[in-house]
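Sharing a structure, written as structure tokens. Questions coming.
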Amino acid sequence: MSTSPAVVTVTGAAGSIGYAALFRVAAGAMLGHHQPVALRLLELPQTIAATEGTAMELEDGAFPLLTSIDITDDPHRAFDGANYGLLIGAKPRSKGMERADLLAANSDIFAKQGAVINEVAAQDIRVIVVGNPANTNAAVAAANAPDVPAERFTALTRLDHNRALAQLARHTGTPVAEITRISVWGNHSASQYPDIFHARVGNRSGAEFAEDRDWLVNDFIPTVAKRGTAIIEARGASSAASAANGAIDHVHDWVLGSPADDWTSAALPSPGIYGVPEGLVCSFPVRAVGGRWQIVEGLDINEFSRQRIDASVAELQAELDAVSALSDR
Ligand code: NAX
């Protein structure tokens with residue numbers, strides 16, 4: 001790990017997830033406790049004042065690893081020499097907005113940011129997209145950054161993974177630390193598929209718990225997939241700290257390695273395996289080795305899982321087709 005600062009660009013820095021993420025990035029939770037960080041905060045012009053407030057608080061944290069904070073509404077300045085991009089800012093779905101409108105508005109943002117990353121970011125740039133629709137936004141950014149290896153554009157499904165881990169721990173009365181090998185497949189949406197068939201739950205297998213199909217189908221899967229909505233209903237605001245935590249876990253493991261004998265979940269451009277068409281940014285079981293994600297290959301996918309993976313992949317394909325049709329116009 002280098003002692004020169006890593007340039008970390010955070011878009012949507014004044015938003016809820018940005019606010020929850022920045023302090024932990026500055027404290028070393030993402031890149032390790034020996035890696036200095038230079039923060040670049042990208043926001044919309046109307047939110048720059050609020051971003052300055054966040055920066056004042058970051059300063060007041062007196063974080064030894066935080067070497068600088070730059071605030072801008074100019075993507076070129078924000079991504080210049082960036083080693084890491086946390087793409088959190090996105091256009092939210094407003095009342096009456098159709099999903100197609102949301103896809104269009106965001107594909108525009110992420111196409112531009114991808115092109116700027118291609119132009120000015122550091123050669124080793126690693127990107128995680130959090131802003132929704134996260135998988136398709138990552139695919140759009142990657143398509144607009146032809147000089148950056150596509151595998152460096154990823155999307156957040158670690159939050160879904162962590163939610164699945166926590167729900168399985170609660171159901172089985174097993175500590176989270178004793179559960180491994182959960183997989184989240186597909187899209188970060190209600191169609192995602194949290195798969196416990198390969199999991200280890202203490203000294204038992206996840207497949208054993210999956211035999212209770214009523215619990216699996218009517219409780220576990222929908223609870224994980226719809227957790228975001230449940231949080232909005234309870235809190236009156238969407239997941240922020242847990243989403244920031246997922247993004248930090250994702251980058252941490254990507255750079256510093258995932259635990260041995262386990263795997264995690266991340267959305268990556270598909271190389272065309274597990275029946276997922278090439279180029280879709282799909283969540284897979286992954287391990288991080290030497291700073292690269294590797295999809296865990298060779299897992300036996302039963303019919304129950306196959307149907308659910310296929311349904312989520314079909315949704316991803318429809319999203320990508322919708323934004324591709326826009327760019328062809
Ligand atoms: P907020 O509305 O609190 O913050 C978003 C911020 O992004 C705002 O400050 C806004 O000014 C800024 N922004 C918008 N467009 C921008 C652009 N083009 N450049 C720079 N900044 C821009 O939302 P927050 O709760 O922080 O959520 C951010 C995104 O994360 C949303 O799209 C949300 O749907 C998504 N989520 C993704 C999750 C995942 O697991 N992948 C889970 C949590 C969250 O729902």
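Just follow the structure's listing: the first ligand is 1, and inside any ligand the first atom is 1.
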Quiz question for you: does at least one protein heavy atom lie closer than 4.0 Å to atom 2 (O) of ligand 1? no

With no hydrogens and no angle check, just 3.5 Å: does a side-chain donor-acceptor pair link N137 and Q113? no

Mode of V130 contact toward ligand 1 - side chain, backbone, both, neither (heavy atoms, under 4.0 Å): both

Where ligand 1 meets G89 - atom numbers and elements under 4.0 angstrom, heavy-atom basis: 7 (O), 13 (N), 22 (C)

re atom 39 (C) of ligand 1, the protein heavy-atom contact at minimum distance is H188 NE2, 3.1 Å

Examine the proximity of ligand 1 to Q46 and report which part, side chain or backbone, both or neither, has a heavy atom under 4.0 Å away. neither

R152 side chain to Q123 backbone, donor-acceptor under 3.5 Å: yes

Exercise: do T154 and H250 side chains pair donor with acceptor under 3.5 Å: yes

Using a 4.0 Å heavy-atom threshold (strictly under), name the region of I88 that reaches ligand 1: side chain, backbone, both or neither. both

Looking only at atom types and distance, does a side-chain atom of S265 sit under 3.5 Å from a main-chain N or O of V184, one as donor and one as acceptor? yes

Approximate separation, where rounding is to 0.5 Å, of S312 OG and N135 CG: 7.5 Å

Do you see a donor-acceptor pair shorter than 3.5 Å between the side chains of Q192 and D160? yes

Backbone, side chain, both or neither: what part of L156 comes under 4.0 angstrom of ligand 1, heavy atoms only? both

Between T11 (side chain only) and I88 (backbone N and O only), is there a donor and an acceptor less than 3.5 Å apart? yes

Looking only at N/O atoms, are S16 and ligand 1 under 3.5 Å apart anywhere? yes

Applying salt bridge (Lys or Arg N to Asp or Glu O under 4.0 Å) to R158 and D253, what does each step give before you reach the verdict? CA-CA 11 Å; R158 181 63 170 267; D253 287 0; 3.0 Å; yes

At a 4.0 Å cut-off, with the gap strictly under it, does some heavy atom of S238 reach an atom of ligand 1? yes

Exam field: side chain D73 to backbone L42, donor-acceptor pair closer than 3.5 Å: no

Shortest protein heavy-atom distance from atom 27 (O) of ligand 1, along with the residue and atom involved: I17 CD1, 3.4 Å

Could you tell me the residue and atom name of the protein heavy atom closest to atom 21 (N) of ligand 1, and the distance to it rounded to 0.1 Å? G12 N, 3.3 Å

Got F304 and F197 here, is their nearest side-chain heavy-atom distance under 4.5 Å? yes

Kindly state whether the ring of H161 and the ring of W263 have centres lying under 6.0 angstrom apart. no

Please determine whether any non-hydrogen atom of Q113 lies less than 4.0 Å from an atom of ligand 1. yes

Protein contact of atom 16 (C) of ligand 1 - nearest heavy atom, named by residue and atom, plus distance: L44 CD2, 3.6 Å

I need the contact type for A90 against ligand 1. Using non-hydrogen atoms and a strict under-4.0 Å cut-off, is it side chain, backbone, both or neither? both

Can a side-chain donor-acceptor contact be found between T223 and D219 if the only test is distance below 3.5 angstrom? yes

Nearest to atom 36 (N) of ligand 1, what protein heavy atom do you find, and at what distance? N132 ND2, 3.4 Å

Is it the side chain (CB and beyond), the backbone, both or neither of L159 that lies under 4.0 Å from ligand 1, heavy atoms counted? side chain

Can you sort out which atoms of ligand 1 are near G131, meaning under 4.0 Å from one of its heavy atoms? 29 (C), 30 (O), 32 (O)

Looking only at heavy atoms, is any part of A243 under 4.0 Å from ligand 1, and if so is it the side chain, the backbone, or both, or is it neither? side chain

Does the T47 side chain pair with the main chain of E43, one donor and one acceptor, at a distance under 3.5 Å? no

For atom 18 (N) of ligand 1, the closest protein heavy atom turns out to be I109 CG2, 3.5 Å

Among non-hydrogen protein atoms, atom 11 (O) of ligand 1 lies closest to E43 OE1, 2.7 Å

Protein heavy atom under 4.0 angstrom of atom 23 (O) of ligand 1, is there one? no

Can you pull out the closest protein heavy atom to atom 5 (C) of ligand 1? Residue, atom name and distance to 0.1 Å, please. G15 CA, 4.2 Å

Ring center gap for W185 and Y274 short of 6.0 angstrom: yes

Provide the number and element of each atom of ligand 1 under 4.0 Å from a heavy atom of L42. 20 (C), 21 (N)

